[in-house]
There are 2 protein chains.
Amino acid sequence: MTMKMMLNADDLATVQGSALFRDAPQAALDDMLAHTEIGDYRNHQVIFRPGRLANRVYLVLRGKVQVYRGEAAGKHAVLGVLQRGAGFGVEDVLEAKRHAATAEAVSACRVLEIRADAFLDAVANHPAFATGLLKLLSRSLHQVSDQLERIQLKPTAQRLADYLLRLVTDPAKCAELTLPYEKALIAAYLGMEPESLSRALKDLQAVGVTNRGRHIRIENPDALRDFSRATPGPLHAT
Amino acid sequence: MTMKMMLNADDLATVQGSALFRDAPQAALDDMLAHTEIGDYRNHQVIFRPGRLANRVYLVLRGKVQVYRGEAAGKHAVLGVLQRGAGFGVEDVLEAKRHAATAEAVSACRVLEIRADAFLDAVANHPAFATGLLKLLSRSLHQVSDQLERIQLKPTAQRLADYLLRLVTDPAKCAELTLPYEKALIAAYLGMEPESLSRALKDLQAVGVTNRGRHIRIENPDALRDFSRATPGPLHAT
DNA sequence: CGCCTGTTTGACCATTGTCAAGGTGGGTGG
DNA sequence: CCACCCACCTTGACAATGGTCAAACAGGCG
(Lines give C-alpha, C1' and ligand atoms only; values in the text may rest on other atoms or scores of the structure.)
Protein backbone atom coordinates (compact mmCIF):
# COMPACT_ATOMS: atom_id res chain seq x y z
CA MET A 1 0.00 0.00 0.00
CA THR A 2 3.00 2.26 -0.38
CA MET A 3 2.28 5.45 -2.19
CA LYS A 4 5.58 5.50 -3.95
CA MET A 5 3.99 4.05 -7.03
CA MET A 6 1.90 7.14 -7.38
CA LEU A 7 5.03 9.13 -7.97
CA ASN A 8 6.22 9.24 -11.53
CA ALA A 9 9.88 9.58 -12.40
CA ASP A 10 9.60 13.33 -12.56
CA ASP A 11 8.05 13.54 -9.13
CA LEU A 12 10.70 11.31 -7.67
CA ALA A 13 13.44 13.44 -9.11
CA THR A 14 11.77 16.50 -7.62
CA VAL A 15 11.58 14.87 -4.21
CA GLN A 16 15.15 13.70 -4.22
CA GLY A 17 16.47 17.00 -5.44
CA SER A 18 14.42 19.07 -3.01
CA ALA A 19 16.08 21.05 -0.24
CA LEU A 20 13.63 19.41 2.13
CA PHE A 21 14.68 15.83 1.44
CA ARG A 22 18.16 16.16 0.05
CA ASP A 23 19.70 15.19 3.37
CA ALA A 24 17.29 12.39 4.17
CA PRO A 25 18.84 8.92 4.06
CA GLN A 26 17.08 6.59 1.68
CA ALA A 27 15.55 4.66 4.57
CA ALA A 28 13.99 7.80 5.99
CA LEU A 29 12.67 8.78 2.62
CA ASP A 30 11.12 5.37 2.11
CA ASP A 31 9.41 5.52 5.47
CA MET A 32 7.96 8.89 4.74
CA LEU A 33 6.88 8.08 1.22
CA ALA A 34 4.99 5.11 2.61
CA HIS A 35 2.77 7.55 4.47
CA THR A 36 2.15 9.98 1.74
CA GLU A 37 -0.62 11.18 -0.46
CA ILE A 38 -0.68 13.27 -3.53
CA GLY A 39 -2.95 16.25 -3.73
CA ASP A 40 -4.14 17.87 -6.91
CA TYR A 41 -5.33 21.41 -6.60
CA ARG A 42 -6.80 23.77 -9.11
CA ASN A 43 -5.93 27.42 -9.28
CA HIS A 44 -7.03 29.41 -6.23
CA GLN A 45 -7.83 26.32 -4.25
CA VAL A 46 -6.85 26.48 -0.60
CA ILE A 47 -4.49 23.78 0.64
CA PHE A 48 -4.62 24.69 4.28
CA ARG A 49 -6.08 27.47 6.35
CA PRO A 50 -5.01 29.05 9.59
CA GLY A 51 -6.36 27.19 12.56
CA ARG A 52 -6.25 23.76 10.97
CA LEU A 53 -4.20 21.18 12.76
CA ALA A 54 -0.80 20.81 11.09
CA ASN A 55 -0.88 17.12 10.28
CA ARG A 56 0.91 17.15 6.93
CA VAL A 57 4.16 18.36 5.49
CA TYR A 58 3.84 19.55 1.91
CA LEU A 59 6.12 19.58 -1.09
CA VAL A 60 5.33 21.21 -4.43
CA LEU A 61 5.67 18.72 -7.27
CA ARG A 62 4.20 20.84 -10.01
CA GLY A 63 2.67 24.31 -10.21
CA LYS A 64 2.93 27.19 -7.80
CA VAL A 65 1.68 27.79 -4.28
CA GLN A 66 1.49 30.97 -2.27
CA VAL A 67 1.67 31.05 1.50
CA TYR A 68 0.21 34.11 3.13
CA ARG A 69 -0.92 35.59 6.41
CA GLY A 70 -4.18 37.30 7.21
CA GLU A 71 -7.01 37.52 4.76
CA ALA A 72 -9.50 39.62 6.61
CA ALA A 73 -11.01 41.90 4.00
CA GLY A 74 -8.97 40.54 1.12
CA LYS A 75 -5.70 41.96 2.42
CA HIS A 76 -2.87 39.56 2.89
CA ALA A 77 0.86 39.47 3.43
CA VAL A 78 2.54 36.93 1.18
CA LEU A 79 5.33 35.07 2.93
CA GLY A 80 6.46 33.34 -0.21
CA VAL A 81 5.53 31.88 -3.55
CA LEU A 82 6.71 28.32 -3.84
CA GLN A 83 7.65 26.35 -6.88
CA ARG A 84 8.60 22.79 -7.68
CA GLY A 85 10.74 21.25 -5.01
CA ALA A 86 9.82 23.68 -2.26
CA GLY A 87 8.36 22.43 1.00
CA PHE A 88 5.81 24.17 3.17
CA GLY A 89 3.92 23.64 6.38
CA VAL A 90 7.10 22.27 7.91
CA GLU A 91 7.43 24.69 10.84
CA ASP A 92 3.88 24.15 11.94
CA VAL A 93 4.34 20.40 12.01
CA LEU A 94 7.57 20.74 13.96
CA GLU A 95 5.83 22.91 16.50
CA ALA A 96 2.98 20.39 16.60
CA LYS A 97 0.57 23.26 16.38
CA ARG A 98 -2.05 24.63 14.09
CA HIS A 99 -1.26 26.38 10.87
CA ALA A 100 -0.82 30.10 11.18
CA ALA A 101 -0.93 30.88 7.49
CA THR A 102 -2.94 30.05 4.42
CA ALA A 103 -1.50 27.99 1.58
CA GLU A 104 -3.23 28.42 -1.72
CA ALA A 105 -2.62 27.11 -5.20
CA VAL A 106 -1.65 29.84 -7.62
CA SER A 107 -1.94 27.57 -10.63
CA ALA A 108 -3.10 24.04 -11.12
CA CYS A 109 -0.69 22.08 -9.00
CA ARG A 110 0.38 18.77 -7.69
CA VAL A 111 1.52 18.47 -4.12
CA LEU A 112 3.14 15.71 -2.12
CA GLU A 113 1.63 15.43 1.35
CA ILE A 114 3.52 13.53 4.04
CA ARG A 115 1.75 12.56 7.21
CA ALA A 116 3.09 14.50 10.15
CA ASP A 117 3.75 11.48 12.35
CA ALA A 118 5.85 9.80 9.68
CA PHE A 119 7.75 13.03 9.14
CA LEU A 120 8.41 13.49 12.84
CA ASP A 121 9.53 9.89 13.17
CA ALA A 122 12.00 10.40 10.36
CA VAL A 123 13.31 13.53 12.06
CA ALA A 124 13.72 11.71 15.36
CA ASN A 125 15.40 8.65 13.84
CA HIS A 126 17.72 10.21 11.29
CA PRO A 127 20.05 12.84 12.64
CA ALA A 128 21.31 13.74 9.20
CA PHE A 129 17.78 14.59 8.18
CA ALA A 130 17.26 16.70 11.28
CA THR A 131 20.46 18.57 10.59
CA GLY A 132 19.37 19.26 7.05
CA LEU A 133 16.11 20.63 8.34
CA LEU A 134 17.96 22.93 10.69
CA LYS A 135 19.71 24.49 7.74
CA LEU A 136 16.48 24.72 5.83
CA LEU A 137 14.63 26.43 8.63
CA SER A 138 17.51 28.79 9.19
CA ARG A 139 17.31 29.77 5.58
CA SER A 140 13.56 30.34 5.80
CA LEU A 141 14.04 32.48 8.83
CA HIS A 142 16.61 34.46 6.97
CA GLN A 143 14.30 34.91 4.02
CA VAL A 144 11.35 36.07 6.06
CA SER A 145 13.62 38.52 7.85
CA ASP A 146 14.75 39.85 4.49
CA GLN A 147 11.15 40.20 3.52
CA LEU A 148 10.39 42.11 6.69
CA GLU A 149 13.32 44.41 6.17
CA ARG A 150 12.38 45.22 2.60
CA ILE A 151 8.75 45.84 3.36
CA GLN A 152 9.40 47.86 6.41
CA LEU A 153 12.07 50.14 5.15
CA LYS A 154 12.15 50.36 1.42
CA PRO A 155 9.72 52.32 -0.73
CA THR A 156 7.80 50.53 -3.44
CA ALA A 157 10.07 51.33 -6.36
CA GLN A 158 13.11 50.02 -4.52
CA ARG A 159 11.34 46.88 -3.45
CA LEU A 160 10.47 46.23 -7.06
CA ALA A 161 14.01 46.94 -8.23
CA ASP A 162 15.30 44.54 -5.65
CA TYR A 163 12.83 41.90 -6.75
CA LEU A 164 13.71 42.23 -10.41
CA LEU A 165 17.37 41.85 -9.62
CA ARG A 166 16.68 38.65 -7.75
CA LEU A 167 15.00 37.30 -10.86
CA VAL A 168 18.14 37.89 -12.87
CA THR A 169 20.24 34.77 -12.62
CA ASP A 170 23.34 35.71 -14.54
CA PRO A 171 24.86 39.09 -13.84
CA ALA A 172 25.05 40.13 -17.46
CA LYS A 173 25.55 43.67 -18.64
CA CYS A 174 21.95 43.77 -19.78
CA ALA A 175 19.19 41.44 -18.74
CA GLU A 176 15.89 40.41 -20.19
CA LEU A 177 13.37 38.39 -18.24
CA THR A 178 9.78 37.33 -17.91
CA LEU A 179 7.81 37.77 -14.73
CA PRO A 180 7.01 34.36 -13.28
CA TYR A 181 3.40 35.14 -12.42
CA GLU A 182 0.62 37.69 -12.45
CA LYS A 183 1.49 41.17 -11.42
CA ALA A 184 -1.22 41.13 -8.78
CA LEU A 185 0.58 38.27 -7.04
CA ILE A 186 3.95 39.94 -7.32
CA ALA A 187 2.43 43.08 -5.89
CA ALA A 188 1.07 41.16 -2.92
CA TYR A 189 4.45 39.56 -2.40
CA LEU A 190 6.08 42.95 -2.47
CA GLY A 191 3.55 44.27 0.01
CA MET A 192 1.81 46.74 -2.27
CA GLU A 193 -1.31 47.07 -4.39
CA PRO A 194 -1.26 46.21 -8.10
CA GLU A 195 -1.71 49.88 -8.90
CA SER A 196 1.41 50.72 -6.95
CA LEU A 197 3.36 48.03 -8.74
CA SER A 198 2.29 49.47 -12.02
CA ARG A 199 3.45 52.93 -11.01
CA ALA A 200 6.69 51.63 -9.55
CA LEU A 201 7.41 49.91 -12.83
CA LYS A 202 6.86 53.16 -14.59
CA ASP A 203 9.21 54.93 -12.20
CA LEU A 204 11.91 52.40 -12.95
CA GLN A 205 11.93 53.51 -16.56
CA ALA A 206 14.10 56.35 -15.34
CA VAL A 207 16.74 53.76 -14.41
CA GLY A 208 16.48 51.91 -17.70
CA VAL A 209 13.85 49.29 -17.05
CA THR A 210 11.37 48.80 -19.87
CA ASN A 211 8.43 46.45 -19.88
CA ARG A 212 5.81 45.17 -22.20
CA GLY A 213 3.31 42.83 -20.60
CA ARG A 214 5.26 40.41 -18.51
CA HIS A 215 8.49 41.02 -20.35
CA ILE A 216 11.06 43.12 -18.61
CA ARG A 217 14.27 44.47 -19.97
CA ILE A 218 16.92 45.86 -17.68
CA GLU A 219 19.31 48.07 -19.59
CA ASN A 220 21.82 48.35 -16.84
CA PRO A 221 21.67 45.97 -13.88
CA ASP A 222 24.36 47.87 -12.01
CA ALA A 223 22.44 51.10 -12.18
CA LEU A 224 19.37 49.28 -10.95
CA ARG A 225 21.34 47.79 -8.10
CA ASP A 226 22.56 51.22 -7.11
CA PHE A 227 19.02 52.46 -7.20
CA SER A 228 17.67 49.63 -5.08
CA ARG A 229 20.31 50.28 -2.44
CA ALA A 230 20.06 54.04 -2.45
CA THR A 231 19.05 55.53 0.85
CA PRO A 232 15.29 55.66 0.83
CA GLY A 233 14.31 59.12 -0.14
CA PRO A 234 13.39 61.40 -2.98
CA LEU A 235 13.15 59.95 -6.44
CA HIS A 236 14.21 63.21 -8.01
CA ALA A 237 16.89 61.53 -10.13
CA THR A 238 16.26 64.03 -12.85
CA MET B 1 40.35 25.56 31.14
CA THR B 2 36.60 25.13 31.21
CA MET B 3 34.67 28.35 31.31
CA LYS B 4 31.97 26.93 33.46
CA MET B 5 33.54 28.46 36.49
CA MET B 6 32.88 31.88 35.10
CA LEU B 7 29.20 31.19 35.37
CA ASN B 8 27.63 31.99 38.68
CA ALA B 9 24.63 30.04 39.96
CA ASP B 10 22.26 32.53 38.45
CA ASP B 11 23.85 32.24 35.04
CA LEU B 12 23.77 28.49 35.18
CA ALA B 13 20.10 28.49 36.04
CA THR B 14 19.47 30.80 33.11
CA VAL B 15 21.36 28.52 30.76
CA GLN B 16 19.63 25.39 31.92
CA GLY B 17 16.22 26.95 31.83
CA SER B 18 16.69 28.54 28.40
CA ALA B 19 14.68 27.38 25.42
CA LEU B 20 17.97 27.06 23.58
CA PHE B 21 19.55 24.53 25.92
CA ARG B 22 16.62 22.95 27.68
CA ASP B 23 16.81 19.90 25.41
CA ALA B 24 20.55 19.56 25.45
CA PRO B 25 21.82 16.50 27.31
CA GLN B 26 24.21 17.31 30.11
CA ALA B 27 27.14 15.98 28.08
CA ALA B 28 26.36 18.30 25.19
CA LEU B 29 25.99 21.23 27.52
CA ASP B 30 29.33 20.49 29.16
CA ASP B 31 31.05 20.29 25.78
CA MET B 32 29.65 23.61 24.74
CA LEU B 33 30.30 25.37 28.01
CA ALA B 34 33.92 24.32 27.71
CA HIS B 35 34.16 26.47 24.61
CA THR B 36 32.44 29.51 25.86
CA GLU B 37 33.19 33.04 26.78
CA ILE B 38 31.23 35.64 28.59
CA GLY B 39 30.77 39.04 27.07
CA ASP B 40 29.92 42.17 28.95
CA TYR B 41 28.41 44.96 26.94
CA ARG B 42 27.37 48.43 27.86
CA ASN B 43 24.23 50.05 26.62
CA HIS B 44 24.23 50.68 22.85
CA GLN B 45 27.27 48.54 22.28
CA VAL B 46 27.13 46.39 19.17
CA ILE B 47 27.52 42.65 19.68
CA PHE B 48 27.67 41.71 16.05
CA ARG B 49 27.19 43.47 12.76
CA PRO B 50 25.92 42.30 9.40
CA GLY B 51 28.70 40.82 7.33
CA ARG B 52 30.67 39.41 10.21
CA LEU B 53 31.31 35.70 10.13
CA ALA B 54 28.87 33.90 12.40
CA ASN B 55 31.27 32.11 14.69
CA ARG B 56 29.39 32.37 17.97
CA VAL B 57 26.00 31.48 19.32
CA TYR B 58 24.75 33.93 21.92
CA LEU B 59 22.57 33.68 24.99
CA VAL B 60 21.41 36.61 27.08
CA LEU B 61 22.34 36.13 30.72
CA ARG B 62 21.42 39.56 31.95
CA GLY B 63 20.12 42.73 30.35
CA LYS B 64 18.40 43.23 27.02
CA VAL B 65 19.52 42.92 23.43
CA GLN B 66 17.85 44.07 20.26
CA VAL B 67 18.36 42.38 16.92
CA TYR B 68 17.59 44.49 13.89
CA ARG B 69 17.99 44.74 10.15
CA GLY B 70 19.21 47.65 8.10
CA GLU B 71 20.61 50.75 9.64
CA ALA B 72 21.31 52.92 6.65
CA ALA B 73 20.34 56.42 7.70
CA GLY B 74 19.28 55.43 11.18
CA LYS B 75 16.26 53.47 10.05
CA HIS B 76 16.00 49.93 11.19
CA ALA B 77 13.52 47.07 11.46
CA VAL B 78 13.67 45.40 14.83
CA LEU B 79 13.29 41.64 14.61
CA GLY B 80 13.10 41.19 18.32
CA VAL B 81 14.15 42.39 21.73
CA LEU B 82 15.70 39.61 23.74
CA GLN B 83 15.81 39.10 27.47
CA ARG B 84 17.43 36.71 29.88
CA GLY B 85 17.45 33.18 28.56
CA ALA B 86 16.94 34.07 24.92
CA GLY B 87 19.41 32.92 22.30
CA PHE B 88 20.43 34.78 19.18
CA GLY B 89 22.71 34.37 16.22
CA VAL B 90 21.69 30.74 16.04
CA GLU B 91 20.35 30.68 12.47
CA ASP B 92 23.44 32.31 11.08
CA VAL B 93 25.69 29.75 12.71
CA LEU B 94 23.53 26.91 11.44
CA GLU B 95 23.74 28.30 7.95
CA ALA B 96 27.48 28.70 8.40
CA LYS B 97 27.21 32.14 6.92
CA ARG B 98 27.70 35.71 7.88
CA HIS B 99 25.34 37.59 10.10
CA ALA B 100 22.54 39.36 8.32
CA ALA B 101 21.40 41.48 11.23
CA THR B 102 22.84 43.68 13.92
CA ALA B 103 22.70 42.70 17.58
CA GLU B 104 23.02 45.55 19.99
CA ALA B 105 22.84 45.86 23.75
CA VAL B 106 19.85 47.86 24.90
CA SER B 107 21.05 48.01 28.47
CA ALA B 108 24.18 46.91 30.19
CA CYS B 109 24.23 43.21 29.62
CA ARG B 110 26.00 39.94 30.10
CA VAL B 111 26.03 37.47 27.27
CA LEU B 112 27.13 33.87 27.00
CA GLU B 113 29.03 33.23 23.78
CA ILE B 114 29.48 29.69 22.55
CA ARG B 115 31.99 28.94 19.85
CA ALA B 116 30.25 27.91 16.66
CA ASP B 117 32.23 24.73 16.14
CA ALA B 118 31.42 23.45 19.60
CA PHE B 119 27.78 24.30 19.06
CA LEU B 120 27.66 22.53 15.70
CA ASP B 121 29.41 19.49 17.16
CA ALA B 122 26.79 19.30 19.87
CA VAL B 123 24.04 19.53 17.28
CA ALA B 124 25.61 16.76 15.22
CA ASN B 125 26.23 14.46 18.17
CA HIS B 126 23.06 14.92 20.19
CA PRO B 127 19.86 14.28 18.28
CA ALA B 128 17.71 15.44 21.18
CA PHE B 129 19.45 18.78 21.07
CA ALA B 130 18.94 19.05 17.33
CA THR B 131 15.26 18.27 17.71
CA GLY B 132 14.91 20.94 20.36
CA LEU B 133 16.53 23.42 18.03
CA LEU B 134 14.09 22.52 15.30
CA LYS B 135 11.23 23.50 17.56
CA LEU B 136 13.02 26.66 18.55
CA LEU B 137 13.68 27.75 14.99
CA SER B 138 10.12 26.93 14.03
CA ARG B 139 8.94 29.19 16.77
CA SER B 140 11.25 31.98 15.63
CA LEU B 141 9.99 31.62 12.11
CA HIS B 142 6.47 31.82 13.38
CA GLN B 143 7.26 34.94 15.37
CA VAL B 144 8.92 36.77 12.52
CA SER B 145 5.97 35.90 10.31
CA ASP B 146 3.64 37.34 12.92
CA GLN B 147 5.76 40.44 12.95
CA LEU B 148 5.57 40.72 9.18
CA GLU B 149 1.83 40.30 9.21
CA ARG B 150 1.29 42.93 11.85
CA ILE B 151 3.54 45.47 10.25
CA GLN B 152 2.25 44.92 6.79
CA LEU B 153 -1.42 44.96 7.44
CA LYS B 154 -2.31 46.62 10.67
CA PRO B 155 -2.36 50.34 11.29
CA THR B 156 -0.25 51.78 14.07
CA ALA B 157 -2.93 51.95 16.76
CA GLN B 158 -3.84 48.31 16.27
CA ARG B 159 -0.23 47.23 16.31
CA LEU B 160 0.19 48.97 19.61
CA ALA B 161 -3.01 47.48 21.02
CA ASP B 162 -1.80 44.07 20.00
CA TYR B 163 1.54 44.67 21.63
CA LEU B 164 0.05 45.84 24.90
CA LEU B 165 -2.12 42.77 25.06
CA ARG B 166 0.90 40.57 24.63
CA LEU B 167 2.45 42.25 27.65
CA VAL B 168 -0.51 41.30 29.77
CA THR B 169 0.18 37.93 31.29
CA ASP B 170 -2.95 37.19 33.20
CA PRO B 171 -6.23 37.83 31.45
CA ALA B 172 -7.75 39.88 34.19
CA LYS B 173 -10.74 42.14 33.83
CA CYS B 174 -8.50 45.13 34.10
CA ALA B 175 -4.76 45.23 33.66
CA GLU B 176 -2.01 47.50 34.74
CA LEU B 177 1.51 47.20 33.41
CA THR B 178 4.83 48.88 32.90
CA LEU B 179 6.47 49.12 29.51
CA PRO B 180 9.61 47.02 29.53
CA TYR B 181 11.80 49.57 27.77
CA GLU B 182 12.00 52.99 26.19
CA LYS B 183 9.17 54.00 23.95
CA ALA B 184 11.58 54.69 21.12
CA LEU B 185 12.61 51.04 21.14
CA ILE B 186 9.04 49.84 21.30
CA ALA B 187 8.21 52.11 18.41
CA ALA B 188 11.03 50.64 16.35
CA TYR B 189 9.85 47.15 17.20
CA LEU B 190 6.35 48.07 16.13
CA GLY B 191 7.64 49.52 12.89
CA MET B 192 6.78 53.13 13.53
CA GLU B 193 8.37 56.37 14.67
CA PRO B 194 8.27 57.43 18.31
CA GLU B 195 5.92 60.25 17.37
CA SER B 196 3.48 57.77 15.89
CA LEU B 197 3.65 55.62 18.99
CA SER B 198 2.82 58.62 21.07
CA ARG B 199 -0.20 59.42 18.94
CA ALA B 200 -1.34 55.82 18.81
CA LEU B 201 -1.24 55.71 22.58
CA LYS B 202 -3.40 58.77 22.66
CA ASP B 203 -5.85 57.17 20.23
CA LEU B 204 -6.15 54.16 22.48
CA GLN B 205 -7.56 56.34 25.21
CA ALA B 206 -10.84 55.99 23.35
CA VAL B 207 -10.74 52.27 24.13
CA GLY B 208 -9.89 52.77 27.78
CA VAL B 209 -6.10 52.77 27.80
CA THR B 210 -4.53 55.37 30.03
CA ASN B 211 -0.85 56.04 30.48
CA ARG B 212 1.47 58.05 32.54
CA GLY B 213 5.12 57.71 31.68
CA ARG B 214 5.79 54.03 31.23
CA HIS B 215 2.78 52.98 33.23
CA ILE B 216 -0.17 51.72 31.28
CA ARG B 217 -3.61 50.90 32.53
CA ILE B 218 -6.00 48.91 30.41
CA GLU B 219 -9.53 49.38 31.61
CA ASN B 220 -11.01 46.64 29.53
CA PRO B 221 -8.74 44.07 27.89
CA ASP B 222 -11.61 42.53 25.96
CA ALA B 223 -12.51 45.81 24.34
CA LEU B 224 -8.87 46.33 23.45
CA ARG B 225 -8.71 42.87 21.95
CA ASP B 226 -11.75 43.62 19.84
CA PHE B 227 -10.13 46.81 18.71
CA SER B 228 -6.85 45.16 17.78
CA ARG B 229 -8.67 42.61 15.68
CA ALA B 230 -11.08 44.99 14.02
CA THR B 231 -10.79 45.19 10.28
CA PRO B 232 -8.26 47.90 9.56
CA GLY B 233 -10.16 51.04 8.91
CA PRO B 234 -11.67 54.13 10.46
CA LEU B 235 -11.22 54.75 14.15
CA HIS B 236 -14.69 56.30 14.48
CA ALA B 237 -15.61 54.02 17.37
CA THR B 238 -17.58 56.83 18.89
C1' DC C 1 -16.01 39.94 -32.87
C1' DG C 2 -16.35 40.79 -28.41
C1' DC C 3 -16.21 39.23 -23.65
C1' DC C 4 -13.45 38.52 -19.50
C1' DT C 5 -9.45 39.06 -16.99
C1' DG C 6 -5.55 41.43 -15.98
C1' DT C 7 -3.30 45.84 -16.22
C1' DT C 8 -2.88 50.80 -16.47
C1' DT C 9 -4.18 55.59 -15.48
C1' DG C 10 -6.02 59.43 -13.08
C1' DA C 11 -7.91 61.96 -9.22
C1' DC C 12 -8.32 61.89 -4.57
C1' DC C 13 -7.57 60.81 0.27
C1' DA C 14 -5.62 58.66 4.60
C1' DT C 15 -2.01 57.28 7.25
C1' DT C 16 2.28 57.92 8.64
C1' DG C 17 6.80 60.12 8.40
C1' DT C 18 9.31 64.54 8.99
C1' DC C 19 10.77 68.65 11.12
C1' DA C 20 10.73 71.79 14.70
C1' DA C 21 9.34 73.14 19.24
C1' DG C 22 7.98 72.61 23.68
C1' DG C 23 7.25 69.62 28.04
C1' DT C 24 8.49 66.59 31.81
C1' DG C 25 11.12 64.18 35.06
C1' DG C 26 15.00 62.28 37.30
C1' DG C 27 19.56 62.71 38.65
C1' DT C 28 23.89 65.35 39.55
C1' DG C 29 26.72 68.93 41.08
C1' DG C 30 26.96 73.22 43.07
C1' DC D 1 18.49 71.41 48.90
C1' DC D 2 17.87 73.58 44.93
C1' DA D 3 18.72 74.34 40.14
C1' DC D 4 20.03 72.92 36.11
C1' DC D 5 20.63 69.67 32.48
C1' DC D 6 19.79 66.12 29.54
C1' DA D 7 17.36 62.43 27.80
C1' DC D 8 12.91 61.13 26.80
C1' DC D 9 8.54 62.05 25.36
C1' DT D 10 4.78 64.82 23.41
C1' DT D 11 2.56 68.12 20.29
C1' DG D 12 1.72 70.67 16.15
C1' DA D 13 1.98 71.78 11.31
C1' DC D 14 3.21 69.88 7.12
C1' DA D 15 4.59 66.74 3.29
C1' DA D 16 4.69 62.50 0.97
C1' DT D 17 4.04 57.84 0.14
C1' DG D 18 0.95 54.63 -0.96
C1' DG D 19 -4.03 53.12 -0.82
C1' DT D 20 -8.73 53.64 -2.83
C1' DC D 21 -12.12 54.11 -6.26
C1' DA D 22 -13.49 54.49 -10.84
C1' DA D 23 -12.79 54.17 -15.42
C1' DA D 24 -10.35 53.15 -19.63
C1' DC D 25 -7.41 49.90 -21.94
C1' DA D 26 -5.13 45.59 -23.80
C1' DG D 27 -4.98 41.16 -25.16
C1' DG D 28 -6.15 36.23 -25.37
C1' DC D 29 -9.59 32.85 -26.20
C1' DG D 30 -14.09 31.38 -27.17
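Each chain gets a letter, A, B and so on, in the order the sequences are listed, and its residues count up from 1.
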Check: Would A:Asp162 and A:Arg229 pass as an ion pair if we require N to O under 4.0 Å?
Finding: no
Next item on the list: Assign A:Glu195 to base, sugar-phosphate, or nothing according to its heavy-atom contacts below 4.0 angstrom with the strands shown.
Entry: base
Notebook entry, point to check: Are the charged groups of A:Arg166 and A:Asp146 less than 4.0 angstrom apart, N to O?
Noted result: no
Next item on the list: Would you indicate which nucleotide in C:dT9, D:dT11, D:dT20 comes nearest to any side-chain atom of A:Lys75?
Entry: D:dT20
Next item on the list: Verify the contact: side-chain N or O of A:Ser196 to OP1 or OP2 of D:dG19, cut-off strictly under 4.0 Å; return yes or no.
Entry: yes
Margin query: Using a distance-only criterion (donor-acceptor N/O pair, under 3.5 Å, no hydrogens), is the base of D:dT20 paired with the side chain of A:Arg199?
Written below: yes
Notebook entry, point to check: When the distance from CD of A:Glu182 to C1' of D:dG28 is rounded to whole Å, what number comes out?
Noted result: 14 Å
Margin query: Which label fits A:Tyr58 and A:Phe48: parallel for a plane angle under 30°, tilted from 30 to 60°, or perpendicular past 60°?
Written below: tilted
Item checked: Residue whose nearest DNA chain D nucleotide is more 5′ - A:Thr156 or B:Gly213 -> B:Gly213
Item checked: For atom NZ of B:Lys154 and atom C1' of C:dT15, their distance in whole Å -> 17 Å
Item checked: Pairing of A:Lys75 and A:Glu193 as salt bridge, 4.0 angstrom limit -> yes
Check: Which nucleotide, C:dT16, D:dC9, D:dT11, lies nearest any side-chain atom of B:Lys202?
Finding: D:dT11
Notebook entry, point to check: How many Å lie between CZ on A:Arg214 and P on D:dA26, as a whole number?
Noted result: 18 Å
Check: Between the base of D:dC21 and the side chain of A:Glu193, is there a donor-acceptor distance below 3.5 Å?
Finding: no
Notebook entry, point to check: Could you give the CG-to-P distance, from A:Leu160 to D:dT17, as a whole number of Å?
Noted result: 16 Å
Notebook entry, point to check: Taking CG from B:Leu190 and P from C:dT16, how many angstroms apart are they, rounded to a whole number?
Noted result: 12 Å
Next item on the list: From the options C:dG6, C:dT8, D:dG18, select the nucleotide whose nearest atom is closest to the side chain of A:Ser198.
Entry: C:dT8
Item checked: Interatomic distance where CG belongs to A:Leu197 and P belongs to C:dT8 [whole Å] -> 7 Å
Note to self: At 4.0 Å (heavy atoms only), tell me whether A:Arg212 reaches a base, stays on the sugar-phosphate, or touches nothing.
What the structure shows: sugar-phosphate
Notebook entry, point to check: Tell me, do A:His99 and A:Arg49 make a side-chain contact under 4.5 Å, heavy atoms counted?
Noted result: no
Margin query: Just the rounded figure in Å: distance from C1' of C:dT24 to NE2 of B:His215.
Written below: 15 Å
Notebook entry, point to check: Quick one: is D:dT10 close enough that its OP1 or OP2 comes under 4.0 Å of any side-chain N or O from B:Asn211?
Noted result: yes
Check: Between atom CG in A:Leu179 and atom C1' in C:dT8, what is the gap in whole Å?
Finding: 15 Å
Checklist line | B:Met192, nearest nucleotide to its side chain (from D:dG19, C:dG17, D:dT17) | finding: C:dG17
